[in-house]
Amino acid sequence: MSIISDVIESTKAIIKGMGVTFSYIPKEKWTVEYPDEPVTVQPRYRGQHLLHVDEHGREKCVACFLCAAACPSDCIYIIAADDPRSPEERIGVDERYAKVYNIDYGRCIFCGFCVEACPKDAITHGYNFELSVYNRADLLKTKDDLLITKQKQSPNYRVAFADEDVDSEYKEV
Amino acid sequence: MFIGAIGCEPLQLRRVHLEHSRSLDVYRRNGGYEALKQVLDGMTPDAVINEVKKSALRGRGGAGFPTGMKWSFVPKDSPKARYVVCNADESEPGTFKDRYLMERDPHMLIEGMLIAAYALGARVNYIYTRGEYRYLINIMDEALDEARKANLLGEKILGTNFSCEIYTHTGAGAYICGEETALLSSLEGMRGHPRMKPPFPAVSGLYACPTVVNNVETLTAVPDIIKMGGEAYQKLGTEKSGGTKLWSVSGHVKRPGVYELPMGYDDMEKFIMEDCQGIAGGRQLKAVIPGGSSVYIMPASDILGKDVRMDYEGLVVAGSMVGSGGFMVMDGTVDVFETTKNLTEFYKHESCGWCTPCREGTDWLVKVFKRIADGEGRPEDAQLLLDICDNIEGKSFCPLGDAASWPIQSAIKKFPEDFKRHLLPLVAGAKEDAALSMV
Amino acid sequence: MADLIKVTINGNVYETEKGARLIDVCREHGHAVPSFCYYSDLALQASCRMCLVRIEKMPKLQTSCTITCTDGMIVTTESEEIEKAQRAMVEFLLANHPLDCPVCDRGGECELQEMVFDWGGLEERFSERKNYAPEKFLSPMVANDPQRCILCKRCTRVCDEWMGEDAIEAGGRGAHTVIGTYDGWLNCSECGNCIEVCPTGTLLDATYRHQARPWELAQTITTCTFCSDGCQLSLGARVGEVMRAVARDRYVDGINGEFLCIKGRFAHPFINHEERIRTPLIRYKQGGRLVPATWDDAIGYTAARMRAIGEAHGADAFGIIGSPRLTNEANYALLKFAREVIGTENFTASDAFSLAPCFENLSAPLATHRDIRFAKTIILVGGEPEELQPLTGKQIRQAVRNGGARLVIFNSVPIRLKEQAAQFIHINPGTEDAVVLALAGANDDELAAGKLGVEAKTLADVRRALDETQGDCVLLFGSELSAAAMATLAQLPQLLGAREGRRFLLHPLPFYNNSVGAHDIGLMNAKLSVAQLLDQAGQGLRALYIAGSLLPEHLRGREETLRQLDLIVVQELFETETTALADVVFPAASFAETDGTFTNNAGQVQRVRQSIPPVHQARPDWMITAALASALNADFGFQLSASAVFREIAEHIAAYEGLRYPLLKDESRPVQAKHALAGARDMTGAIQEIRARIQSMNVTSARPTETPKVGHELFKPGTLTSKTPQFPLLYAGNPKPPTVLVSPLYQITVDANLRATTVAAGD
């Protein structure tokens, strides 16, 4: 092998490589400019949990512990309590409600079993995904963080429409 | 309204037309208390039971159990007290014969009970009447007082060593208390719930003592059996069921009433068309419930020209039962669906709540019937009704469950048209054969 | 052994005892027969219709719970027909049953739920509207959701047959039948057994309502800490908090079956109560305040003071008082502390009365509760078991009602059990000793009858009943007997002589969970009684070391003399009248936080197990004693292991010889301590003493004629029971609140005085 053939081979390889690079320059780009632009998440995306309320603003959760029982990483902690007031004044839809409802996001694996288990459709996955914190203790989210009426929604995402083709976009890769 | 005998000499209804028929005087002048005298004059208790056995008298309350045999089940050597209880809780829909017997001839019942008490060695006896028959209690109490004054009741009756007392008691208006064990519970002052059998009341009944529970009509037949002899009484009827039977005829006949017929009366068509003077308004016969609400309903096609013999065996052959003899005749204007719904509501209301199938089953049946009546019927409802009935039948604690399911089962089978009418037109696109394929 | 008969079940031939119940035989041999209403040892019901089987030669399907096996019976328990029927029954039961399992406290341990998993249909055909009835409260203890009821009536039968109260019954009829009370509010002993036996969520524990779910609870089998019956229960704890106590047979199978009384079931909230003493407390100067301290400080301080007193006044300046409420281990540690560390015999236990005369003269074995259930004759002298020893009371009642036993009661008060008694002999108050005299022989009938206020013939009748007994004859006695009378009663089996076919059994009725244990350990046959020991205060006695609290009858009136002591050390759960006098208070662990053993009134040694770690800084009593000993340079050698303490007990106490924790593991087979039987003793002296005592007795014939109110002892708010908020309500007469839809706790405020008063320090 002479040094000349080495040079020719290398140059060919560089041109081939740069050819790929340059061929993408005119194509459409789909890199997400997060956080300057919102991320598109699919409707089925499993983000931070939401605790729902009914049309009168009463919590749907009846503290049945089924989510905690279904949870494989044991990250849900509930304290149930009695609310003897009249149905209009109650915190929850039922006499029984969750006085404490904590999810430890240090342990949650976002499997969605809790949502499957819920008999009252009280818990679902929301779309919030910005869960990083500086302090590990802050990963423990309480009812104040989880209730749909209280959870702060990040401006950094948008949910895809049901008929929007988000999947195939990624398949191209 | 007709009260009388057809095809035989009146036995039970012999005195009901007489003036002051309920007084002791009239009763005695017409052969009353002769049987009692005869019994006390020298018949042994065993001889009385034997006569009743020979008479082939069967219980008139509904089940048709041979009375003599029932009496002979009472243990002879038991040290406990024995009781004779008269079941006057006549609450089977369509039945009203006992009422006439007690209202117009109370002494016949007293005499029958005294003879039964003598045969069984009972000292204290009860007449249990349904709550709604309160006025009958007054009549019975008056008659009992009269009898007591005439030394026909109480200590040393008619100068013999036989002492016996009869008390009356009213229920609080529960159908289930017509079931003998529930009646005994109610009589003891407890909730009118049926009890477990065995032990049968003949062994352990009222206050856990041997007890015989007999219908009014059964007990009123006893004096005649003694007077005419068991065999003669049996010859009035058939070999297996002797004597005469009262039928409470109601519904769309020209002449409803209480009819006394010999057992084995031939035939039902003649009875309806001639004796009851046919269907009112000249309409067509549609159906007959021959033995109170708790038996299978019979369509006209099973009666007309079929020569149905009116006794226990004959009606079973014809696909129904004698029951309590509550003979309900229905003409073509009747919607059997509505009839069945009505009956089911009755059973739901009267279910005592003891056992699961009857309590929940009747409640469910009524809800389905109501839904169908409200126009929410579904093609599969007929099948659902039959299946619920099937799940109740034979699984309930007492026969009330069976009684509730039989009318529905037979009604759907015999009158599918009436059910189709309610189920089908409302279900768009339903296929008729799919809807009622079960029938 | 009864006759054996052959029964064929599903083609297999089994031998079984004649008269066995078919459902039991099926289950025994592994043929699963479902049922709701069948409950062994209760009257038959046959209403759920789940246990249907096919028996050859019988029409229709039969309920196996009502069938008694006969020879040659051929039974099928599994077939298409049977399965259809059983599935239909579940479908019927679910028809009007609400689908509110998520909020139902029984969810997860509900028999209906389990049955639906096994027998339920896949589709629900019932599409109609369900019958509705609102959820409500029957009493402060019992919550009720009538919709969930499947009307198995276990509750009504238990209420009637076990408790003899008949407080709940079915009302209405048909599908609208509901379990209810007679006047809309449950005024009973609030035992809660109806809750326990309920297979669904119809009757619920109102104190645990909506608190947790069963699968979240760690269940620990332990022994009840209230009366001397020693019921086995299961504490359900979650993250260091005891949420409930149950006796459900799925968790525990003890001498009491599923029976518990109000205290056992509902009085557990004291364990995690906020008023528990959190840290050791020291009162540095007389009349000062109790100041929180660390364990090291408190132990060091106490040891220093003790050493100083010991040097100044000698070992007998110390008095050590154990408690009949503590474990055998704790009491043994105290005994060891007294003898080996201090070197004094000044020890005792704060029990109301001593059983020593009974055990010294014991001439017949102690009756277990099972023995009482199957006894033929039961003699009850004094006492009130239905209030003070509820399990014994229930066993007596069942022996009479379900077993046909003959019950004879001697009592000056017409107690509730007299309903069951064949003979209730109403005696003059305070004359219980005369009963023993009369039972011992006919010589003193006239004297006894005269003082008792009964006819001599009555006493002769009782003696004849004893004579004629075939089977077991149980003698129960309460606290009223004098020492001589107790000794004579314990010798009665010897005095009456042995006979074929008759067995005498004794059953004392002490008040506290470990009264018998405290005696066994040796605290109760010390040379001084509690009263005598306390009376020495200020004379020879300079320091007291008390575990638990003193009883009011011992404490009241002695406060001033006790204040003269140099040092009082108390181990307690709560601040009491005794801790008010203390110089040092150690926070002790309750029965739920410690391992150990209790010995019940049948002599059965039963395990106490740790359910939760000690709350706050509490420590088990024996550990505190050991720590104190170690600070005084004596090594007890059993640090941190209750089983080591018990092993030492077993080596030193004859009645416990050979016992070890592993042997006590199975609560369904309790081990009875081997109390030595004394042979025939000459009792003339004792009888003479009783006679003299009776003769000199001034009796009044003013006997209470009214049956004491239900719960007059059970509801008394004591140190422990008053911590359950419902107890003051009950003690205040259990008033019916304005609405039954909400817990009375939210509606009625009990008078603050009543809440504050603790009637008895020891419950």
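Each chain gets a letter, A, B and so on, in the order its sequence line appears, and its residues count up from 1.
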Visitor: Could you grab the distance from atom OG of C:S127 to atom CH2 of B:W364, nearest 0.5 Å is fine?
Guide: 8.5 Å
Visitor: Looking at B:K370, B:M196, B:E393, which has the largest count of heavy-atom pairs under 4.5 Å with chain C?
Guide: B:M196
Visitor: Just verifying a value: how many Å separate B:E376 CD and C:E128 CD, rounded to the nearest 0.5 Å?
Guide: 9.5 Å
Visitor: In terms of heavy-atom pairs under 4.5 Å, which option from C:I150, C:T63, C:L52 contacts chain B the most?
Guide: C:I150
Visitor: Give the member of C:A88, C:C152, C:S47, C:A175 that has the highest number of heavy-atom pairs under 4.5 Å with chain B.
Guide: C:S47
Visitor: Who wins among B:I388, B:D387, B:L384 for the most heavy-atom pairs under 4.5 Å with chain C?
Guide: B:D387
Visitor: Tell me, out of C:E169, C:K153, C:H176, C:K84, who's got the most heavy-atom pairs with chain B below 4.5 Å.
Guide: C:K84
Visitor: Shortest non-hydrogen contact from C:Q45 to B:F397?
Guide: O-CE1, 3.5 Å
Visitor: Would you sort out whether C:T66 and B:K197 count as a side chain to side chain contact (heavy atoms under 4.5 Å, CB included), showing the intermediate values?
Guide: CA-CA 9 Å; C:T66 61; B:K197 287 195 252 183; over 6 Å; no
Visitor: Flag the one option from C:C48, C:C37, C:A95 with the top tally of heavy-atom pairs under 4.5 Å to chain B.
Guide: C:C48
Visitor: In residues 340-363 of chain B, which residues are in contact with chain C at a heavy-atom separation under 4.5 Å?
Guide: B:K348, B:H349, B:E350, B:S351, B:C352, B:G353, B:W354, B:C355, B:T356, B:P357, B:R359, B:E360, B:G361, B:D363
Visitor: What part of C:L93 is in contact with chain B, defined as an atom under 4.5 angstrom from a non-hydrogen atom: side chain, backbone, both or neither?
Guide: both
Visitor: Could you check whether atom CD of C:E419 has more than 12 heavy atoms from other residues, nucleotides or ligands sitting under 6.0 Å from it?
Guide: no
Visitor: Drop me the distance from B:D402's CG to C:K60's NZ, to the nearest 0.5 angstrom.
Guide: 5.0 Å
Visitor: Among C:N96, C:L61, C:L44, who wins on heavy-atom pairs under 4.5 Å with chain B?
Guide: C:N96
Visitor: Measure across C:M89 and B:K395 and return the closest heavy-atom pair with its distance rounded to 0.1 Å.
Guide: CE-CB, 3.7 Å
Visitor: At their closest point, which heavy atom of B:G173 faces which heavy atom of C:R173, and how far apart are they?
Guide: O-NH1, 3.5 Å
Visitor: At a heavy-atom separation under 4.5 Å, does C:R87 approach chain B through its side chain, its backbone, both, or neither?
Guide: neither
Visitor: Against chain B, label C:T177 side chain, backbone, both or neither, depending on which of its atoms sit under 4.5 Å from a heavy atom there.
Guide: side chain
Visitor: Quick check: do C:R125 and B:V368 have side-chain heavy atoms less than 4.5 Å from each other?
Guide: no
